[in-house]
Amino acid sequence: MTRDDGMLQSRTATPWWQRAIIYQVYPRSFQDSDGDGLGDLKGIATRLDHLVGLGVDAVWLSPVYPSPMADFGYDVADYCGIDPRFGTLADFDALTTAIHARGLKLILDFVPNHSSDQHPWFLESRSSRTNPKRDWYIWRDPAPGGGPPNNWLSHFGGGAWEWDAHTGQYYLHSFLAAQPDLNWRNPDLRTAMYDVLHFWLERGVDGFRVDVVWLLIKDDQFRDNPPNPAYREGQTSRDKLLSIYDSDRPETQGIIQEMRAILDSFAGDRLLIGEIYLPVDRLVAYYGRDLKGAQMPFNFQLINAPWHAAGIAKIIDDYETALPEGAWPNWVLSNHDQSRIGSRIGQAQARVAATLLLTLRGTPTIYYGEEIGMVDVPIPPDRVQDPAEKNQPGLGLGRDPERTPMPWDASVQGGFTTGTPWLPLGPDHATVNVAAQRVDAGSILALYKRLIALRRSHPALIDGAIALVKAQSAVLTYERRHGSERIAVLLNLGHDEQRVAIDDGSVLLSTHLDRADERVAGEVVLHPDEALLIRLSR
Ligand code: GLC
Ligand code: MG
């Protein structure tokens, strides 16, 4: 099975990533090949047929670099290697070749805001105040009266400064103390990190998802963040302050432009994705001046969206309105940091959400396992892995539940491993697994495949405009239009039957996969938890 559309397009044609569906693989949990209970690169290579069968176009791998795994790979100890738990550089090259041979693209995670405290750069930096790499990290003297230099807080709880007794200064860590922040104001550090981009681009990767890119630059005067007047009990400690001086600083844009220029110096429309949790008006700034920033600042607006029609209609309208001229939209429902969609809104609505994701205007990103309806897996306290849970237990911050192994079949460990998986599989994996759903014409996997196939065969769903975004009680509706083609999307976000007035047409798809080709005229009945795609007559 191969698909090579888009491979040979020149830069003047639509770039591949505007027609693509991106699929996020969390490598620890996708497929183990050596029985150590951890997914690995060789494992991923054996599962590419699933991705081709599903119909996605690009694979984004969460970090596979050497790491002490304090934050499961988001603490990088060598930017140009592969952690032995995941395999070798040769395995990486083989996987890249296999991915490309199937007409797929490969996107790597790039983690520039911080390294591991075990990275040789940091070991040097902390060795003395005069070490040439001292300034590659963010070192400050104590405040005049003693204590940390300012009030900045870590995303993982507690303060963002760690005291180093050996050299008598604090270093900044926006995440764990084991993840010291790199100093992007230092030109040598910048060059070293740009060399990393070159290293992987030359090896053939098609793009990067850049971790916490809106945090890269910090206030040059290290001013205190002001208190957040909206803070409520039960929120994380970081919510106590407004992140004015340690995030979204104007100088960040220049760095993103430099990264983009490096990608653009390679053939093949290499893609720069930014991980950015900001309100829409700030998010769209990351397309950059003249669209020379990230091609895809990740749009997470659906992640915390209250699941009702009016709210989502507003999200779509606000986002479409905020997009700069020529900017290409994108949508994300779930990722390795967020509760899975089926747990957020219920499994019945997960099908409606899939329809939304795959029919909105813009590039969708699918998180592994959502195509088979995986939900969060409860993790017994003695099996908790994630530092976010360990540091602030009980607030629901732990990310293990959405990172559990992919169930490929109904066997004891779901075909994921022959050993003991690092996190437990879901209790439902006898039915929520790829093999069972592949032969079930009504499964959510069948729905995903059908939606993706429809996207591919109807230009309205990719290149088309989006129009008439409306909420009518629990129903969200919009149209996608291209040339004379009009496809109406009707999503029942509730559990009751709904009647919707509609022009004449015929059903292309129901989320229940049972109404194809049904004629509609003037009105259509939406079943509970059902979404419909209707091709309207001209
Ligand atoms: C990003 C990653 C998250 C990680 C954090 C620190 O938000 O998605 O998993 O913990 O950055 O690198
Ligand atoms: Mg393994």
Side-chain angles (χ1 to χ4, degrees), residues 63 65-71 73-81 83 110-156 158-200 210-225 243 245-247 249-256 258-259 262 387:
Y65 314 107
S67 165
M69 302 288 168
D71 188 19
Y74 286 94
D75 48 324
V76 179
D78 172 5
Y79 286 100
C80 296
D83 191 282
F110 180 50
V111 191
N113 178 71
H114 44 267
S115 74
S116 162
D117 64 349
Q118 299 308 306
H119 195 295
W121 296 344
F122 188 70
L123 297 178
E124 280 189 53
S125 184
R126 79 184 315 175
S127 67
S128 83
R129 288 202 190 195
T130 54
N131 184 279
K133 295 217 169 51
R134 183 68 170 178
D135 188 49
W136 285 32
Y137 292 83
I138 301 176
W139 293 95
R140 304 287 291 173
D141 288 331
N150 67 20
N151 70 352
W152 296 354
L153 297 171
S154 157
H155 287 257
F156 284 145
W161 295 98
E162 183 76 2
W163 175 246
D164 180 61
H166 175 58
T167 56
Q169 282 190 313
Y170 285 88
Y171 68 85
L172 182 71
H173 59 92
S174 297
F175 294 88
L176 299 174
Q179 295 168 293
D181 282 42
L182 288 157
N183 178 15
W184 277 82
R185 294 182 187 273
N186 180 294
D188 296 335
L189 176 275
R190 275 197 202 198
T191 305
M193 290 301 269
Y194 295 156
D195 287 349
V196 171
L197 293 180
H198 277 105
F199 177 86
W200 293 108
V210 187
D211 193 62
V212 298
V213 73
W214 84 110
L215 305 182
L216 274 191
I217 287 273
K218 285 82 186 174
D219 180 41
D220 52 0
Q221 298 164 55
F222 292 90
R223 283 168 280 191
D224 272 352
N225 277 326
S243 237
Y245 293 115
D246 60 350
S247 84
R249 302 300 302 164
E251 302 96 317
T252 311
Q253 300 295 339
I255 296 172
I256 298 175
E258 288 175 1
M259 291 180 182
I262 293 170

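- Every residue two or more places apart in sequence or in another chain that forms a side-chain hydrogen bond (donor to acceptor under 3.5 Å, both in side chains) with Asn113 is listed here: Asp181, Lys218.
- For Asp219, the side chain to side chain contact (heavy atoms under 4.5 Å, CB included) criterion is met by Trp152, Gln221, Arg223, Tyr245, Arg249, not counting sequence neighbours.
- Between Asp71 and Pro387, some side-chain heavy-atom pair lies under the 4.5 Å cut-off.
- Phe199 pairs by the side chain to side chain contact (heavy atoms under 4.5 Å, CB included) definition with Cys80, Leu89, Arg203, not counting sequence neighbours.
- Looking only at side-chain heavy atoms (C-beta outward), Asn151 and Asn225 come within less than 4.5 Å of each other.
- Under the 4.5 Å side-chain criterion, counting only non-hydrogen atoms from C-beta, Met259 is in contact with Leu216.
- Listed by first then second residue, pairs satisfying side chain to side chain donor-acceptor pair (under 3.5 Å) with a partner in residues 114-124 read Ser115-Tyr137, not counting sequence neighbours.
- Of the residues Phe122, Trp163, Trp161, the one that meets the ring-ring contact (aromatic ring centres under 6.0 Å, His included) test with Tyr171 is Phe122.
- Interatomic distance, Leu182 CG to Ile138 CD1, rounded to the nearest 0.5 Å: 8.0 Å.
- One distance of note links CZ of Phe156 with CD of Gln179; it measures 5.5 Å at 0.5 Å rounding.
- The salt bridge (Lys or Arg N to Asp or Glu O under 4.0 Å) pairs that include a residue from residues 138-156 are Arg129-Asp141, where partners are two or more places apart or lie in different chains.
- Checked against side-chain hydrogen bond (donor to acceptor under 3.5 Å, both in side chains), Tyr74 has the following partners two or more places apart in sequence or in another chain: Ser62, Asp109, His336.
- At least one donor-acceptor pair under 3.5 Å links the side chain of Asp75 to the backbone N or O of Ala70.
- Residues satisfying the salt bridge (charged side-chain N to carboxylate O under 4.0 Å, His left out) criterion with Asp83, sequence neighbours excluded, are Arg85.
- Side chain of Asp164 to backbone of Tyr170: no donor-acceptor contact under 3.5 angstrom is found.
- Note: Trp136 CH2 to Arg190 CZ = 13.0 Å, rounded to the nearest 0.5 Å.
- When atom types are taken as modelled, the side chain of Ser67 and the backbone of Ala77 share no donor-acceptor pair closer than 3.5 angstrom.
- Note that the CD1 atom of Ile256 and the CD atom of Glu258 stand 10.5 Å from one another [nearest 0.5 Å].
- Among residues two or more places apart in sequence or in another chain, the salt bridge (charged side-chain N to carboxylate O under 4.0 Å, His left out) test is passed with Asp195 by none.
- Checked against side chain to side chain contact (heavy atoms under 4.5 Å, CB included), Ala143 has no partners two or more places apart in sequence or in another chain.
- For Asp135, the side-chain hydrogen bond (donor to acceptor under 3.5 Å, both in side chains) test picks out Asn183, Asn186, with sequence neighbours left out.
- Annotation: side chain to side chain contact (heavy atoms under 4.5 Å, CB included) contacts of Ser128 (sequence neighbours excluded): Thr130, Asn131.
- Side-chain atoms of Ser125 and Trp139 form a donor-acceptor pair, as typed in the model, at a separation below 3.5 Å.
- How far OH of Tyr65 is from CG of Asp78: 10.5 Å, rounded to the nearest 0.5 Å.
- Side-chain N/O atoms of Thr167 and Arg134 include a donor and acceptor closer than 3.5 Å.
- To the nearest 0.5 Å, atoms CH2 (Trp184) and CD1 (Ile217) are separated by 8.5 Å.
- Contacts of Ser243 classified as side-chain hydrogen bond (donor to acceptor under 3.5 Å, both in side chains), with partners at least two apart in sequence or in another chain: Arg238, Asp246.
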